[in-house]
Asker: 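Handing you a structure now.
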Amino acid sequence: MTWVPLPLPDTDLRWHPAWLPAAQADTLQRRLLAEIEWEVHRIHIFGRLVDSPRLSCWIGDPGTAYTYSGTRFEPHPWPPALRPLRKRLLAQTGVAFNSVLLNRYRDGADSIGWHSDDEPALGPQPIIASLSLGAVRRFRFKRRDDPAAQLTLELPHGSLLWMAGDTQRHYLHALPKTAKPIGERINLTFRRIMV
Ligand SMILES: O=C(O)CCC(=O)C(=O)O
Ligand SMILES: [Mn+2]
């Protein structure tokens, strides 16, 4: 598979703007909307427990409980719609992802704030494969020790973004709110929890 490298110093960042053909991406989005038990995750922000501004579901193999933003999530089992994707990722990248966080942004008011996916359970150099479905949203990186060092991407339906190496160590990322009238988007971040 041919990745397009993304030019951000001290990262291993690449993407595939059309990893899933549009028809497959449509079907997958429809199935996930219907089959996933979408939940509002309660997370800690600045010491307060709040509803996150999106819907989510943590899925994984037994033993892949995930703690982020101070809350622990037990994994839901893999739904049939996701099993072939996980196999395809293994075949194409050699990485045996054992979990995936699904986020559903119902409209432009849903978002995810600046963070990095650097939980200890992901190891020192987390490998994350991020699949986007639905409305195109802006995804931003900024360097921790130099906030002027930034990269902005528009993540289209069916695109796959690869974050590895020291990406999480040096950079934060976010999906900001938008005032544009915009439809639903689902994002899947495949991860490997060290069990
Ligand atoms: O929705 C996205 O593209 C990113 C989601 C994200 O950063 C996360 O789940 O940690
Ligand atoms: Mn993230």
Asker: Would you kindly confirm whether L133 and L102 end up in one hydrophobic cluster when ILVMFWY residues are joined by side chain heavy atoms under 4.5 Å apart?
Answerer: yes
Asker: State whether D117 and R191 are salt-bridged, where the test is any N-O pair (Lys NZ or Arg NE/NH1/NH2 against Asp/Glu carboxylate O) under 4.0 Å.
Answerer: yes
Asker: Considering only NZ, NE, NH1 and NH2 on the basic side and carboxylate oxygens on the acidic side, decide whether D61 and R86 come within less than 4.0 Å.
Answerer: yes
Asker: What are the two closest heavy atoms between R31 and P80, and how far apart are they?
Answerer: NH2-CB, 3.9 Å
Asker: Show the nearest heavy-atom pair for residues I182 and G108, with the distance to one decimal.
Answerer: CG2-N, 3.4 Å
Asker: Determine whether L85 and L20 satisfy the following criterion, side-chain contact (heavy atoms from CB on, under 4.5 Å), listing intermediate values before the conclusion.
Answerer: CA-CA 10 Å; L85 280 183; L20 277 188; 4.2 Å; yes
Asker: Are F97 and L160 linked, directly or through other ILVMFWY residues, by side chains that come within less than 4.5 angstrom of each other?
Answerer: yes
Asker: More than 12 non-hydrogen atoms from neighbouring residues, nucleotides or ligands closer than 6.0 Å to CZ on R88, yes or no?
Answerer: yes
Asker: Determine, step by step, whether L55 and R106 satisfy the side-chain contact (heavy atoms from CB on, under 4.5 Å) criterion, reporting the C-alpha distance in whole Å, the side-chain angles of both residues, the deciding distance to 0.1 Å, and the verdict.
Answerer: CA-CA 8 Å; L55 301 178; R106 292 157 288 190; 3.6 Å; yes
Asker: My understanding is that only residues two or more places apart in sequence, or in another chain, count here; which of them pass side-chain hydrogen bond (donor to acceptor under 3.5 Å, both in side chains) with R169?
Answerer: none
Asker: According to a hydrophobic-cluster definition based on side-chain heavy atoms being under 4.5 Å apart (Ile, Leu, Val, Met, Phe, Trp, Tyr only), do Y105 and L155 belong together?
Answerer: yes
Asker: Atom CG of L32 and atom CD of E184: how far apart are they, to the nearest 0.5 Å?
Answerer: 11.5 Å
Asker: In Å and rounded to the nearest 0.5 Å, what is the OG to CZ distance from S130 to F190?
Answerer: 9.5 Å
Asker: Nearest heavy-atom pair of P84 and A81: which atoms, and what distance?
Answerer: CD-O, 3.9 Å
Asker: As an exercise, state the distance from OG of S111 to CZ of R137, rounded to the nearest 0.5 Å.
Answerer: 7.0 Å
Asker: The test is side-chain contact (heavy atoms from CB on, under 4.5 Å); show your working for R185 and H157 and say whether it passes.
Answerer: CA-CA 8 Å; R185 170 176 183 269; H157 189 46; over 6 Å; no
Asker: Mind jotting down which residue pairs meet the ring-ring contact (aromatic ring centres under 6.0 Å, His included) criterion with at least one end in residues 74-96? Sequence neighbours excluded, please.
Answerer: none
Asker: Would you give the length of the straight line joining atom OG1 of T167 to atom CZ of F141, rounded to the nearest 0.5 angstrom?
Answerer: 6.5 Å
Asker: Do H173 and R140 touch side chain to side chain, with heavy atoms closer than 4.5 Å?
Answerer: no
Asker: Report all side-chain donor-acceptor pairs from residues 3-11 shorter than 3.5 Å, counting only partners two or more places apart or in another chain.
Answerer:
unit_1: D10; atom_1: OD2; unit_2: R143; atom_2: NH1; d: 2.9
unit_1: D10; atom_1: OD2; unit_2: R143; atom_2: NH2; d: 3.1
unit_1: T11; atom_1: OG1; unit_2: L8; atom_2: O; d: 2.7

Asker: Working to the nearest 0.5 angstrom, can you tell me the gap between S52 OG and E39 CD?
Answerer: 10.0 Å
Asker: Walk me through whether T152 and F139 qualify under side-chain contact (heavy atoms from CB on, under 4.5 Å).
Answerer: CA-CA 6 Å; T152 300; F139 187 72; over 6 Å; no
Asker: Check for me, please, whether I59 and L188 land in the same ILVMFWY cluster - side-chain distances under 4.5 Å, paths through other members count.
Answerer: yes
Asker: Before you tell me yes or no, could you show the steps for R54 and D107 under salt bridge (charged side-chain N to carboxylate O under 4.0 Å, His left out), namely the whole-Å CA-CA distance, both residues' side-chain angles and the distance that decides it to 0.1 Å?
Answerer: CA-CA 9 Å; R54 58 193 173 274; D107 58 27; over 6 Å; no
Asker: Suppose clustering is done on Ile, Leu, Val, Met, Phe, Trp and Tyr with side-chain heavy atoms closer than 4.5 Å. Which residues sit in the same group as I43?
Answerer: I45, F46, V50, W58, Y66, Y68, F73, L101, L122, I193, V195
Asker: Is the CZ atom of R48 crowded by more than 12 outside heavy atoms at less than 6.0 Å?
Answerer: no
Asker: Search all heavy atoms of G113 against all heavy atoms of A174 and return the closest pair with its distance.
Answerer: C-CB, 3.8 Å
Asker: When hydrophobic residues are tied together by side-chain contacts of less than 4.5 Å, even through go-betweens, does I128 share a cluster with L13?
Answerer: yes
Asker: If you link ILVMFWY side chains whenever their heavy atoms are less than 4.5 Å apart, which other residues fall into the same cluster as L172? By chain and number, please.
Answerer: W114
Asker: Say you draw a straight line from CG of L131 to CG of L89; how long is it, rounded to the nearest 0.5 Å?
Answerer: 8.0 Å
Asker: Could you list the residues that satisfy side-chain hydrogen bond (donor to acceptor under 3.5 Å, both in side chains) with S56, not counting sequence neighbours?
Answerer: N103
Asker: Go through it in stages, so that I can follow the logic: the residues are R42 and D51, the test is salt bridge (charged side-chain N to carboxylate O under 4.0 Å, His left out), and I'd like the CA-CA distance, side-chain angles, deciding distance and then a yes or no.
Answerer: CA-CA 5 Å; R42 303 262 299 158; D51 287 352; 2.9 Å; yes
Asker: Compare every heavy atom of Y171 with every heavy atom of A149, then report the nearest pair and how far apart it is.
Answerer: O-CE2, 4.2 Å
Asker: Write down the atom of P156, the atom of P17, and the distance for their closest heavy-atom approach.
Answerer: CG-O, 3.8 Å
Asker: Between D166 and Q125, is there a side-chain heavy-atom distance shorter than 4.5 Å?
Answerer: yes
